[in-house]
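Have a look at the structure below before the remarks.
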Amino acid sequence: MTDLREPLSPQGDDSTPAAAVTDHRSRLHPAWIVAGVGFVALLGAAAFRSVPSVLIEPLHTEFGWSHATISAAVSLNMLLYGLISPFAAALMDRFGIRRVVCSALVLIAAGSGLTVFMTQAWQLVATWGLLVGVGVGSMSMPFVATITGRWFVRSRGLVTGVLTAAGATGQLVFLPLVSMLAHEHGWRLPALIVAAVALSVVPLVWLFVRDYPSDVGARAYGAPADSTVGVRVPVAGGASRALTVLASAARTRGFWLLAGGFAICGASTNGLVGTHFVTAAHDHGMPPTTAAGLLALIGVFDVAGTIASGWLSDRVDPRYLLLGYYSLRGLSLLILPSLLGPHTEPSMWVFIVFYGLDWIATVPPTVLLCRELFGADGPIAFGWVFAAHQVGAAIAATGAGFIRDLNGTYDLAWYVAGGLCAIAAIMSMLIRRPKIAV
């Protein structure tokens, strides 16, 4: 079993006198405190990202905006969620995790709260798309890579899986609540609740998160005595470093294979199922609250699947994991159109369990491959890979909306996504791992 009481280094760093460093074997290692608060912060960011799929129909009904128009705002949110992330990872190196994450949570709260005053479609794009997109993008998956890269050596894959599961947990907690409140009280109340939740997380992050283990006189969890992991080092360049890392990573084959596969991952999860599943199920006669409950249930199994994926990533070649995940996901999407109906049949329950276990299980092996391929620049490189994920999600969110408006059904969207998953599986196996992992 994992010992959470990792002994500390007998020496301090430049910011911590050696005399101030003591043996904390009887106390919880600070890495677990940082990871715990990070989980809560990611859960808060996931809260508003769970709202769009439930509010598409209420917004369409109240304002008369088309599905494509509303989906465009969702697409901008998803696009910024990815494109901001590598710059946020670089800014975390330059200015610290606390400042970046707290600012991000305030942006999320502002964006969700201001939606209650909107009367025109461009205001939806500005709040739901721009403000919230920048906010969630500033504390997205590269935030996970930054925490695990600095604070953990042992159990890095497992912790990556747990933190990644925070997004699914946020969906699990908030999606049924948002659906119920939107149905009974209108869409404005849940928007305000989400704003309040995001703000409530700010004090936790400010009080308990530190940037490096060396800031509190500790080593990274599981790091040997001579390890430099988790030791504060001067970082220059700020956001410009993100571009430098991109220029370097883009010259490698592995980067493009990871980015291409992850773009398909985004298209087949957040962009398609996360945004349009409720509406697609409603098209087949299923009540929106029931469909939202099923989507939340996907989140239940996603938590288990992502944590298990993190555990496996510490033990199994990440490429083989990605091969299995993408192949199984593609198969499930190809059969989904035949499962949708007014009632939840046993076959739909099988899909929910199967697809849920696979939802974001791709993240831990992808994070580990970025760390292997790009070393200390791994979190920022993963930020760019994750940006590709969100570009794929944005294209799928808008594209599926157009398909629905043109054909009156989402069937074509499910089939295209299933085929793309097969391509992602092949791309994953073409990645060459370095002989010596970083």
Side-chain angles (χ1 to χ4, degrees), residues 45-46 48-60 63 65-85 111-112 115 121-122 124-137 140-141 167-168 170-171 175 178 187 259-260 262-283 288 291-292 295 298-299 329 333 336-337 355 359-360 362 386-421 424:
F48 195 72
R49 287 193 289 112
S50 69
V51 172
S53 63
V54 176
L55 299 189
I56 287 178
E57 284 303 322
L59 290 172
H60 173 70
F63 296 106
W65 300 332
S66 69
H67 291 84
T69 297
I70 300 172
S71 296
V74 180
S75 296
L76 177 60
N77 180 298
M78 292 180 175
L79 191 62
L80 289 174
Y81 181 51
L83 293 179
I84 292 295
S85 60
S112 59
T115 56
W122 70 266
L124 174 69
V125 174
T127 54
W128 194 341
L130 181 60
L131 289 179
V132 176
V134 172
V136 296
S140 55
M141 291 301 108
Q171 175 177 287
L175 195 56
V178 168
W187 60 269
F262 226 42
I264 294 172
C265 178
S268 58
T269 53
N270 301 43
L272 182 56
V273 176
T275 304
H276 294 284
F277 178 81
V278 173
T279 304
H282 184 57
D283 286 344
L295 194 56
I298 286 177
R329 181 187 301 171
L333 289 173
L336 178 59
Y355 186 85
W359 175 266
I360 49 174
T362 54
F386 184 71
H389 180 282
Q390 294 308 113
V391 170
I395 293 173
T398 300
F402 277 117
I403 288 174
R404 168 63 175 75
D405 287 338
L406 291 175
N407 299 335
T409 177
Y410 286 100
D411 286 1
L412 179 60
W414 306 125
Y415 297 140
V416 170
L420 288 174
C421 285

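What you see is a predicted model; the values in this text were computed from it and never measured.
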Do V125 and T69 have side chains that approach each other closer than 4.5 Å (heavy atoms only, starting at C-beta)?
no
Say you draw a straight line from CG of L59 to OG of S66; how long is it, rounded to the nearest 0.5 Å?
11.5 Å
Taking all atoms of both residues into account, what is the closest heavy-atom pair of W65 and A121, and its distance?
CZ2-N, 3.3 Å
Could you tell me whether a side-chain N or O of S268 sits under 3.5 Å from a main-chain N or O of G418, the two making a donor and an acceptor?
no
When rounded to the nearest 0.5 angstrom, what is the spacing between OG1 in T269 and CD1 in I360?
8.0 Å
Matching residue for I403 among L412, T409, D411 - test: side chain to side chain contact (heavy atoms under 4.5 Å, CB included)
L412
Taken to the nearest 0.5 Å, the spacing of L80 CG from L131 CG works out to 10.0 Å
Identify the heavy atoms of A387 and S85 that sit nearest to each other, and give their distance.
N-OG, 4.3 Å
Kindly indicate whether the side chain of T115, heavy atoms from C-beta on, has any atom under 4.5 Å from the side chain of W187.
yes
Going from SG on C265 to CG on N270, what distance comes out if it is rounded to the nearest 0.5 angstrom?
7.5 Å
Between V132 and S112, what is the shortest heavy-atom contact and its length?
CG2-N, 3.8 Å
Taking every non-hydrogen atom, the tightest pair across L295 and G274
CD2-O, 3.9 Å
Indicate yes or no: at least one non-hydrogen side-chain atom of H389 is less than 4.5 angstrom from one of T362.
no
If you count the non-hydrogen atoms of other residues, nucleotides and ligands that lie under 6.0 Å from CZ in F63, is the total more than 12?
yes
Is any side-chain heavy atom of V416 closer than 4.5 Å to one of L272?
no
Which atom pair, heavy atoms only, marks the closest approach of A400 to H276?
CB-CD2, 3.5 Å
Residue pair W128 / L76, side-chain heavy-atom distance below 4.5 Å
no
Rounded to the nearest 0.5 Å, what separation is found between the CD atom of Q390 and the CD1 atom of I84?
12.0 Å
CH2/W122 to OG1/T127 distance, rounded to the nearest 0.5 angstrom?
9.0 Å
Residue pair L336 / Y355, side-chain heavy-atom distance below 4.5 Å:
no
Give the minimum heavy-atom separation between W414 and P337, together with the two atoms involved.
CD1-CG, 3.4 Å
